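Only one structure is covered here, and it is reproduced in the block below.
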Amino acid sequence: MNVRALLTERFEAALAAVLGEAVPANVQPAGRPEFGDYQVNGIMPAAKRMRGNPRALAEQVLARVAIDDLVEPPEIAGPGFINLTLKVDFLAETIGSMPLLATTAHPERIVVDYSSPNLAKEMHVGHLRSTIIGDALARLLAALGHTVIRQNHVGDWGTQFGMLLTYLDETGANSAELADLEQFYRAAKARFDDDPAFAARSRETVVRLQQGDAHAREAWQRFIDVSLAHCQAIYDRLGVTLSPADVYAESAYNDALADIVAELDRQGLATASDGATCVFLDEFKGKDGEPLPVIVQKSDGGYLYATTDLAAVRYRSRTLAADRVLYLTDARQALHFRQIFAVARRAGFANPTTRLEHMPFGAMLGTDGRPFRTRAGEVVKLAELLDEAEARALALVAGKNPELPEDERRAVARAVGIGAVKYADLSKNRASDYVFDWNQMLAFEGNTAPYLQYACTRIQSIFRRGEVTPETLPVRPAIDERAERQLAVLLVRFQEIVEQVAEDGCPHLLCGYLYELSTAFMRFYEACPILNADAGVRASRLRLCARTGDTLRLGLGLLGIETVERM
RNA sequence: GCGCCCGUAGCUCAACAGGAUAGAGCAUCGGCCUUCUAAGCCGAGGGUUGAAGGUUCGAGUCCUUCCGGGCGCGCCA
């Protein structure tokens, strides 16, 4: 149940009845404990528009609003806030009988375009954000009952493939030698830069490849297969839900590109400019107000990523029948996607009802605050990052809990290490730049995955020790102590947080919530004896534990983070 | 030059639609393990939210100017 939405609905109905028009109630979680659990902030702006007295309006609204099943008698505070305190009965009933997460009444078909590495190179830290944030959103949207279509738009067709295939051809490299893609890429690049004849052959190879030359295609396929296998190994290790079936590569759009340009031309949107084919839209101006082009075909006849992205929009909107398409890419591509979406709308490649949303994320910075540049030899491969994370976690687990058997210790280290890496990324607002810092990422304290995982194990441990199964517990908890109440109020907020993340695409909100929930649980755990309490209280507190554990596990699950029995 | 994003405690980050006294973690200092896992809990210090104006009952949030950083701007993706 979405408590915030419920309160908003009730207050907006009352506001509409009083004012005769719809105005936002702006219900938010209360900023301070003394203000209750939620506060209504919409009275003051509404009163201002009506040139009325906010407190008087608040009284009128309170006379009309039907909320006594949910909250204690509300208070009007300050210039016109309404403070709401949830009834203990409502908290107990919600925790006792409402599902953790209700599915949406309006399921949609949602394409999530994420990860999308370039297959010319091995995956590195630069691919982390798209992969991890995208996967969390895909899981979360699916859990809300939407139909999620994952699209891994891998780069398998760029000009650098000419260089790689030519080098592959010349060296006759086998699969084992290809295993280190990074090394292979560097060697090919060095050759390309040093040897003009090799560079020329590379460019010819691109042309042959795009013409469908059998030999070139065979070598290309061999290379792609190796590279994709690398990616899949990383996905499996990360616990990312992408599979080979989700790969829909750039090359898949090849056959549509000519038609995209032809269609733009047919509609009079295409303009020849310096030999290239461009689309100019009024809303995009460059310096001195001169129009900014979207180039869809080069002067040599080749197509560009803009063309491919337009074809992808059309495929997703028409063929996949998406209601919504989410693009998880670098913020640097913001202008590109604004242009693509605008052109796609104008040309009718996207149905008018399809929502196209770029969900950008910030740049990768080093600890010095400078942009994290991928100079040759300085990229951190994802595989190495994950090795390091697991090794650090293993050392920590061994120190903290030496009694754990070897195999379990390894499993815990994996969950903790991988979880820490994913959570470090998920817990930060994706719009901000991202400081890549080993120590920060692998510090297992505070708002981190291990803290949340630890809270889960504490709960598990209580049930083990008490030899209690949650099914035997009473449905409704009694909520008497302050720590119990604070925990309960957070527990009933889960639905509203998940729905907000689904809307905004910001998993850090869910992270913040889960962390807050965990700290509330830790305080409850310190303040309220559970197993040693009298039978009635004990059962009630175990019910709160069970609900907290279920919420944490589900929440972490939506983020793609594993939990363990003990650690 | 034009445009987009960013600037919050020493560091890394929050602050949800303009709401009430800007919050966490790390680091620093001080407490708490003979009772459910101390990866924990409790407490202390630490801020002119880059600067200056403006809008209003109220601004970290909106507007203007400036400073500082990042990125983008015709045939790479």
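Computed from a predicted model, the values in this text were never measured in an experiment. Numbers restart at 1 for each chain; the letters A, B, ... are given by sequence-line order, proteins then strands.
- Residue contacts for A/Asp156: at a heavy-atom cut-off of 4.0 Å it reaches no nucleic acid atom on any strand shown.
- Comparing B/A39, B/C76, B/C41 by their closest approach to the side chain of A/Val416 singles out B/A39.
- Of all the residues in residues 22-30 of chain A, A/Pro24, A/Asn26, A/Gln28, A/Pro29 reach under 4.0 Å from RNA chain B with at least one non-hydrogen atom.
- Distance from the side chain of A/Arg4 is smallest to B/C16 among B/G74, B/C41, B/C16.
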Summary of protein contacts for nucleotides 31-38 of chain B, nucleotide by nucleotide, where a base hit scores B, a sugar-phosphate-only hit scores S (4.0 Å, heavy atoms): ----BBBS
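- Residues A/Arg493 and A/Asp37 are not paired through a salt bridge, judged by the lack of any N-O separation under 4.0 Å between the basic side chain and the carboxylate.
- For RNA chain B, if you chain together Watson-Crick or G-U pairs that step i with j, i+1 with j-1 and so on, the runs of at least three with distances under 3.5 Å are B:1-7 with B:67-73, B:10-13 with B:23-26, B:28-32 with B:40-44, B:50-54 with B:62-66.
- Rounded to an integer number of Å, the gap from CG of A/Asp330 to P of B/C5 is 15 Å.
- Heavy atoms only, all atoms of each residue included: A/Gln339 and A/Pro293 are closest at NE2-O, 3.8 Å.
- Taking only side-chain nitrogens and oxygens, A/Thr277 never comes nearer than 4.0 Å to OP1 or OP2 of B/G74.
- The phosphate of B/C16 (OP1 or OP2) has no side-chain N or O of A/His508 nearer than 4.0 angstrom.
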All N/O pairs under 3.5 Å across the protein-nucleotides 10-12 of chain B interface:
{"from": "B/U12", "atom 1": "O2'", "to": "A/Gln440", "atom 2": "NE2", "distance (Å)": "3.1"}

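- Within the 6.0 Å centre-distance limit, the rings of A/Tyr327 and A/Phe337 are counted as a close aromatic pair.
- We find that A/Arg464 and A/Glu565 are joined by a salt bridge, their nearest charged nitrogen and carboxylate oxygen being less than 4.0 Å apart.
- Taking atom CZ on A/Phe284 and atom P on B/C4, their separation rounds to 12 Å, with Å as the unit.
- Separating the P atom of B/A15 from that of B/G54 is a span of 29 Å, rounded to the nearest Å.
- Expressed to the nearest 0.5 Å, how far CZ of A/Arg547 lies from CG of A/Leu473 amounts to 13.0 Å.
- As rounded to the nearest Å, B/C67 and B/A51 have P atoms that lie 15 Å from one another.
- Nearest heavy atom pair, residue A/Leu514 against residue A/Gly555, reads CD1-C, 3.7 Å.
- RNA chain B is contacted by both A/Ser432 and A/Asp274; A/Ser432 maps to the nucleotide lying nearer its 5′ end (nearest heavy atom per residue).
- Look at the P atom in both B/G10 and B/G72: the space between them is 31 Å, to the nearest Å.
- Side-chain contact between A/Thr205 and A/Phe161 is absent, with no heavy atoms from C-beta onward closer than 4.5 Å.
- Nucleotides B/U49 and B/G7, compared at atom P, are 14 Å apart to the nearest Å.
- Residue A/Arg541 holds its CZ atom at 10.5 Å from CG of A/Asn532, rounded to the nearest 0.5 Å.
- In this structure, A/Leu452 atom CG and B/G40 atom C1' are separated by 13 Å, rounded to whole Å.
- Counting only heavy atoms from C-beta outward, the side chains of A/Glu562 and A/Ile418 never approach each other to under 4.5 Å.
- Rounded to an integer number of Å, the gap from A/Leu304 CG to B/C73 P is 12 Å.
- Annotation: of the two residues near RNA chain B, A/Ala77 and A/Glu250, the 5′-most nearest-nucleotide partner is A/Ala77.
- Distance from the side chain of A/Tyr305 is smallest to B/A77 among B/A77, B/G19, B/C73.
- With salt bridges taken as basic N to acidic carboxylate O contacts below 4.0 Å, none links A/Arg566 and A/Glu403.
- Put simply, CG on A/Asp113 is 16 Å from P on B/A77, counting in whole angstrom units.
- Here B/A15 presents its P atom at 13 Å from CG of A/Leu510, a figure rounded to the nearest Å.
- Counting atom types as modelled, A/Asn83 pairs a side-chain N or O with a base atom of B/A20 as donor and acceptor under 3.5 Å.
- Annotated as syn: B/C33, whose O4'-C1'-N torsion sits within 90° of 0.
- Atom P of nucleotide B/A24 and atom CG of A/Leu490 are separated by 14 Å, given to the nearest angstrom.
- Comparing B/A24, B/A39, B/C41 by their closest approach to the side chain of A/Tyr451 singles out B/C41.
- The closest side-chain heavy-atom distance from A/Asn2 to A/Leu6 is not below 4.5 Å.
- Listed by chain and residue number, nothing satisfies the salt bridge (Lys or Arg N to Asp or Glu O under 4.0 Å) test with A/Glu12 (two or more places apart in sequence, or in another chain).
- Comparing B/A24 with B/G46, their C1' atoms sit 14 Å apart, to the nearest whole Å.
- Shown here for A/Met359 and A/Glu503, the closest heavy-atom pair between the two residues is CE-O, 4.4 Å.
- Checked against salt bridge (Lys or Arg N to Asp or Glu O under 4.0 Å), A/Arg523 has no partners two or more places apart in sequence or in another chain.
- Checked against A/Cys231 for a side chain to side chain contact (heavy atoms under 4.5 Å, CB included), the options A/Val247, A/Val154, A/Leu119 give a single hit: A/Leu119.
- Residue contacts for A/Glu445: at a heavy-atom cut-off of 4.0 Å it reaches the sugar-phosphate backbone alone, with no base atom in range.
- Annotated as syn: B/G74, whose O4'-C1'-N torsion sits within 90° of 0.
- A/His336 and A/Tyr305 have their aromatic ring centers within a separation under 6.0 angstrom.
- A donor atom on one side chain and an acceptor atom on the other are not found under 3.5 Å apart for A/Tyr248 and A/Asp113.
- With both ends at atom P, the span from B/C2 to B/U8 equals 26 Å, rounded to whole Å.
- Taking the side chain of A/Lys48 as heavy atoms from C-beta on, and the options B/A77, B/G72, B/U56, the nearest nucleotide is B/U56.
- Between B/G40 and B/U35, the distance separating the two C1' atoms is 15 Å to the nearest Å.
- The nucleotide whose nearest atom lies closest to any side-chain atom of A/Met522 is, among B/C57, B/G40, B/A39, B/G40.
- A/Val397 comes within contact range of at least one nucleobase, with a heavy-atom separation under 4.0 Å.
- Residue A/Pro79 places its side chain closer to B/C57 than to any other of B/C57, B/G74, B/C73.
- Taking only side-chain atoms of A/Tyr515, from C-beta outward, the nucleotide of B/G19, B/A24, B/A39 with the closest atom is B/A24.
- Distances from the side chain of A/Met44 to the nucleotides B/C57, B/G72, B/A15 place B/C57 closest.
- Comparing B/G68 with B/G30, their C1' atoms sit 39 Å apart, to the nearest whole Å.
- Between A/Arg523 and B/C42 there is a side-chain polar atom (N or O) within less than 4.0 angstrom of OP1 or OP2.
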